[in-house]
Amino acid sequence: SQTIHQWPATLVQPVGSPLSLECTVEGTSNPNLYWYRQAAGRGLQLLFYSVGIGQISSEVPQNLSASRPQDRQFILSSKKLLLSDSGFYLCAWGASGDTQYFGPGTRLTVL
Amino acid sequence: KQEVTQIPAALSVPEGENLVLNCSFTDSAIYNLQWFRQDPGKGLTSLLLIQSSQREQTSGRLNASLDKSSGRSTLYIAASQPGDSATYLCAVGTGTGANNLFFGTGTRLTVIP
């Protein structure tokens with residue numbers, strides 16, 4: 001069966017510090033991968049998606065970047081965090097046209 | 001751009017009651033629609049997926065319907081239980097990108113024992 005992992009579970013970082021969040025998927029090959037952010041009082045917003053290794057598409061202009069160095073690994077990064085980057089970050093995987101499956105999330109607080 | 005709205009934002013019902021959650025979307029050219037459940041501080045759990053050619057899907061006590069032409073979907077929960085308490089999210093798949101999803105802001109359901 002497929003499993004999706006995210007770490008860390010929680011993170012508190014100062015403004016201006018770098019960020020690296022990691023997501024890995026087990027039990028499937030060549031999945032579509034997604035990064036979403038859920039800010040307080042707002043719905044989930046798609047940040048990045050990837051249909052293959054090295055293929056990254058961004059949905060919104062922002063302070064973040066994403067990379068997919070391996071088939072089942074998706075990384076969300078920032079060189080310098082802003083206060084507005086605080087939120088709950090969710091990674092998901094899915095096959096085209098099918099259900100998306102979500103990881104447990106990372107709660108990021110930028111102080 | 002697709003806009004997804006869920007009403008009401010919060011709902012409290014006594015245990016055992018049947019209930020309906022509503023979702024509306026502005027662009028009827030959708031690929032599919034998903035309903036998710038989110039417990040506080042947790043990730044999302046997929047409940048039901050309806051393809052654009054389907055009218056409804058059922059899983060246990062849950063039934064989701066889709067009326068694409070009117071831009072509406074409903075999630076029906078029968079015989080509600082306290083364990084059903086969670087936030088329910090509706091998400092529309094547009095078929096663009098990697099079938100990117102547009103989410104509503106959710107309905108927070110509380111089932112009172």
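Within every chain, numbering begins at 1; the chains are lettered A, B, ... in the order of the sequence lines, protein sequences first and strands thereafter.
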*asked:* Using heavy-atom distances under 4.5 Å, tell me whether A/Leu44 contacts chain B through its side chain, its backbone, both, or neither.
replied: both

*What heavy-atom pair brings B/Ala98 and A/Val51 nearest, and what distance separates the two atoms?*
CB-CG1, 3.9 Å

_From A/Tyr36 atom OH to B/Leu101 atom CG, the distance as rounded to the nearest 0.5 Å_ = 4.0 Å

_Region of A/Gln100 that comes under 4.5 Å of a non-hydrogen atom in chain B_ = both

*asked:* Is it the case that atom CZ in B/Arg61 sees more than 12 heavy atoms from other parts of the structure closer than 6.0 Å?
replied: yes

*Sort B/Gln51 into side chain, backbone, both or neither according to what part of it lies under 4.5 angstrom from a heavy atom of chain A.*
side chain

*What pair of heavy atoms forms the shortest contact from B/Thr105 to A/Gly43, and how long is it?*
CG2-N, 3.7 Å

*Taking atom CG of A/Asn32 and atom CG of B/Asn99, what is their separation to the nearest 0.5 Å?*
8.5 Å

_Can you tell me which of B/Leu89, B/Thr45, B/Asn100, B/Asn32 forms the most heavy-atom pairs within a distance under 4.5 Å of chain A?_
B/Asn100

*Tell me, side chain or backbone of A/Ser57 under 4.5 Å from chain B's heavy atoms, or both, or neither?*
neither

_Would a single hydrophobic cluster contain both A/Tyr89 and A/Phe102, if residues Ile, Leu, Val, Met, Phe, Trp and Tyr are joined by side-chain heavy-atom contacts under 4.5 Å?_
no

*asked:* Taking side chain as everything from C-beta outward and backbone as N, CA, C, O, which of these in B/Leu48 sits under 4.5 Å from a heavy atom of chain A? Side chain, backbone, both or neither.
replied: neither

_Distance in Å, B/Thr87 OG1 paired with A/Gln38 CD, rounded so as to fall on 0.5 Å steps_ = 8.5 Å

_Joint hydrophobic cluster, B/Leu66 plus B/Leu75, side-chain heavy atoms closer than 4.5 Å_ = yes

*If Ile, Leu, Val, Met, Phe, Trp and Tyr residues are connected whenever their side-chain heavy atoms lie under 4.5 Å apart, and connections chain through other members, are A/Leu46 and A/Phe48 in the same group?*
no

*Quick one: do A/Val60 and B/Phe103 end up in the same hydrophobic cluster if we chain Ile, Leu, Val, Met, Phe, Trp and Tyr together by side-chain heavy atoms under 4.5 Å apart?*
no

_Quick check: is B/Leu109 connected to B/Tyr76 through a chain of hydrophobic side chains (ILVMFWY, heavy atoms under 4.5 Å apart)?_
no

*Taking all heavy atoms of B/Gln34 and all of A/Asp98, pick out the closest pair and write down the distance.*
OE1-O, 3.8 Å

_At a heavy-atom distance under 4.5 Å, which candidate from A/Pro104, A/Ala9, A/Gly105 has the highest pair count against chain B?_
A/Pro104

